[in-house]
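Every value quoted in this text rests on a predicted model; they were computed, and no experiment measured them. Letters go in sequence order (proteins before strands), and every chain restarts at 1.
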Protein chains: 2
Amino acid sequence: MDISASTINLPKGMKSLKTSPSPGRPRAFDVEQALETAMNLFWKQGYEGTSLTDLTDAMGINRPSLYAAFGNKEELFRKVVKRYGSGPGRHATTSLTEPTARQVAEAMIRGSVNLLGDPDHPRGCLMVHGALACSEDSAEVQQDMAAMRCSAETQLCERFARAQAEGDLPAAADPADLARFVQAVTQGMAVLAASGATKEELSRVGELAMRAWPE
Amino acid sequence: MDISASTINLPKGMKSLKTSPSPGRPRAFDVEQALETAMNLFWKQGYEGTSLTDLTDAMGINRPSLYAAFGNKEELFRKVVKRYGSGPGRHATTSLTEPTARQVAEAMIRGSVNLLGDPDHPRGCLMVHGALACSEDSAEVQQDMAAMRCSAETQLCERFARAQAEGDLPAAADPADLARFVQAVTQGMAVLAASGATKEELSRVGELAMRAWPE
DNA sequence: TGATATGTGTACCAGTCAGTAAATAATACG
DNA sequence: CGTATTATTTACTGACTGGTACACATATCA
């Protein structure tokens, strides 16, 4: 007997991991590919600058299909942000695992340069471009993006504080200040990228920034 | 005989500088005050995030009055940007007159900190928040803003090159790189301000950044 | 062969967008 | 006074916004 995932009692609405057959008409588009398309659009035009028509046209699907698969515009955006964090923006978390504070900062900056200078991606950073300034209708999305940027700063700060305890960051240095500085540089590079800065130019900004590193 | 400005042959549509009486119903609102209100709105919500209804409601005028006084939404935005450049964003140009390259950079950063950390203003920078990411409808405004940021960078670069010729910047330093670095820091601080950074926090970012300054 | 479950396509909803036509009100000038 | 000029008010336009109702298509399962 074939025990496919569909026979297992899964929480309501939860899709099985195995691509087991399920009743009903099969989806005619690739969800992951559609998410990728949506990410690139939101990345380029921001949350409010991207209309549902923009999205469905680019994804090649109809409006009800989008709603059935992703909820609504806001939920789709959040799924896109999540995907961004574990995809193109991966370096923001992986950099934290570097052995020393300096290497963490360098990895963070190098990762930003590689992402922002990549001509295959929209110019800029989704976390900055997504909903920096917008109407009051999107205030919640805007605040969430700000909260995520703050969270990245906090994680960085905690990593630097640990480094200080471990002795690879001078006691005189302020972990919070350093974290904020790295954030300022990477986010500033995101704006520069939107103005057309090249990878080499961004790289030199990063190099210059690291000259401010203590010790 | 009274030679008021209105008797002088002015180009069509050109308003006289003197507030001389003119035929027709007098305007019931203060144009400068309305511009100030519009600036604060665009500053906070960006170009696309601010609707004409937002504008007219805040200005306390009707839609046709706005069109009669400012042209249309895009022209109003450009007037606002101009006002911003000679008002709150004044430091971007005035800093260039400092005697040395280092003082120019310091003034630029200090000016940004003062502006971005001022609780009386929207958090952020109009040149960054105004139209960073938007729909294709506003691509022209978006490009103009990017061009203005690039222009600021170029002016800074030229100032640093002059400083190098004058001997107050090491020959090994690259004026273009330094200009781009200062831009990255100030624009990064604009994003930080949008995330809620205080004036003191921004100030420490600026202090840290200046530690990268050559010699 | 149903019966059930899911996805797609069309066509629509109310609300908002930027922009404007036309009537009226308020001023200066002669 | 009348005329010319400008501003305000109301009401509107067509296009677009995010979101959905409903008929139909396509799959599994009994």
Side-chain angles (χ1 to χ4, degrees), chain A residues 1-2 4-7 10 12-16 18-31 34 38 41-42 45-57 59-78 134-138 140-141, chain B residues 1-2 4-7 10 12-16 18-31 34 38 41-42 45-57 59-78 134-138 140-141:
Chain A
M1 178 178 179
D2 161 60
S4 73
S6 63
T7 65
L10 284 169
K12 215 174 181 180
M14 173 76 100
K15 293 287 187 300
S16 69
K18 290 196 180 183
T19 55
S20 63
S22 67
R25 182 172 174 172
R27 199 170 262 134
F29 65 97
D30 185 325
V31 173
L41 258 180
F42 278 131
Q45 305 188 346
Y47 176 66
E48 281 195 334
T50 307
S51 72
L52 282 179
T53 303
D54 290 339
L55 290 163
T56 53
D57 283 358
M59 293 168 159
I61 65 177
N62 289 314
R63 214 171 272 236
S65 297
L66 186 149
Y67 277 83
F70 305 110
N72 59 16
K73 189 185 176 184
E74 187 172 332
E75 284 184 44
L76 170 59
F77 182 71
R78 294 185 193 281
C134 57
S135 78
E136 291 184 352
D137 296 345
S138 311
E140 200 177 320
V141 171
Chain B
M1 176 178 179
D2 161 59
S4 75
S6 62
T7 65
L10 284 170
K12 214 174 181 180
M14 175 75 102
K15 294 285 186 303
S16 68
K18 291 195 176 182
T19 55
S20 63
S22 65
R25 180 171 177 173
R27 197 171 264 133
F29 65 96
D30 185 324
V31 172
L41 258 180
F42 279 131
Q45 304 187 347
Y47 176 66
E48 281 196 333
T50 308
S51 73
L52 282 179
T53 303
D54 289 339
L55 290 163
T56 52
D57 283 359
M59 292 168 159
I61 66 177
N62 290 315
R63 212 169 277 236
S65 296
L66 184 150
Y67 277 83
F70 306 109
N72 59 17
K73 188 185 176 183
E74 187 172 332
E75 285 183 45
L76 171 60
F77 182 71
R78 293 185 194 282
C134 58
S135 78
E136 291 183 353
D137 296 346
S138 311
E140 201 177 318
V141 171

**OP:** Could you check if a side-chain atom of B:M59 sits within less than 4.5 angstrom of a side-chain atom of B:V31, using non-hydrogen atoms only?
**Re:** no

**OP:** Nearest whole angstrom, please: distance from the C1' of D:dC16 to the CG of A:L52.
**Re:** 11 Å

Original post:
Going by atom types alone, do A:N62 and A:S65 pair a side-chain donor with an acceptor below 3.5 Å?
Top reply: no

**OP:** Give the intermediate values and the outcome of side chain to side chain donor-acceptor pair (under 3.5 Å) for residues B:S138 and B:E48.
**Re:** CA-CA 8 Å; B:S138 311; B:E48 281 196 333; 2.6 Å; yes

Subject >> Interatomic distance where CD belongs to A:E136 and P belongs to D:dT17 [whole Å] >> reply: 21 Å

Subject >> Among D:dT17, C:dT27, D:dT8, the one nearest B:F29 by side-chain distance >> reply: D:dT8

Original post:
Would you say B:T56's side chain and B:L52's backbone share a donor-acceptor pair under 3.5 angstrom?
Top reply: yes

**OP:** Could you check how far CZ of A:R27 sits from P of D:dT26, rounded to whole Å?
**Re:** 17 Å

Subject >> A:V141 vs A:R78 side-chain heavy atoms within contact, under 4.5 Å >> reply: yes

**OP:** Could you check how far OH of B:Y47 sits from P of C:dC17, rounded to whole Å?
**Re:** 14 Å

Original post:
Of all the choices, C:dT6, C:dA28, C:dA18, which nucleotide is nearest to the side chain of B:P23 once you look at every atom?
Top reply: C:dA28

**OP:** Would you tell me if any nitrogen or oxygen in the side chain of A:S51 comes within less than 4.0 Å of OP1 or OP2 on D:dC16?
**Re:** no

Original post:
Quick one, which residues of residues 59-69 of chain B touch DNA chain D with a heavy atom under 4.0 Å?
Top reply: B:N62, B:P64, B:S65

Subject >> d(CD, A:E74; C1', D:dG19) in whole Å >> reply: 14 Å

**OP:** Check every atom of C:dG19, C:dA26, D:dG18 against the side chain of B:K73 and return the nucleotide holding the closest atom.
**Re:** C:dG19

Original post:
How would you label the contact of A:T50 with the nucleic acid (heavy atoms, under 4.0 Å): base, sugar-phosphate, or nothing?
Top reply: sugar-phosphate

**OP:** Check the distance between C:dA18's P and B:F70's CZ and give it to me in whole angstrom.
**Re:** 16 Å

**OP:** Return the value, rounded to whole Å, for the distance between atom CG of A:L76 and atom P of D:dG18.
**Re:** 11 Å

Subject >> Contact nearer the 5' end of DNA chain C, comparing B:N72 with B:G24 >> reply: B:N72

**OP:** Kindly assign one of parallel, tilted or perpendicular to the pair B:F42 and B:F77, based on the angle between their ring planes and the thresholds 30° and 60°.
**Re:** perpendicular

Original post:
Of A:G71 and A:R25, whose closest DNA chain D nucleotide lies nearer the 5' terminus?
Top reply: A:G71

Original post:
Between the side chains of A:T53 and A:R63, is a donor N or O closer than 3.5 angstrom to an acceptor N or O?
Top reply: yes

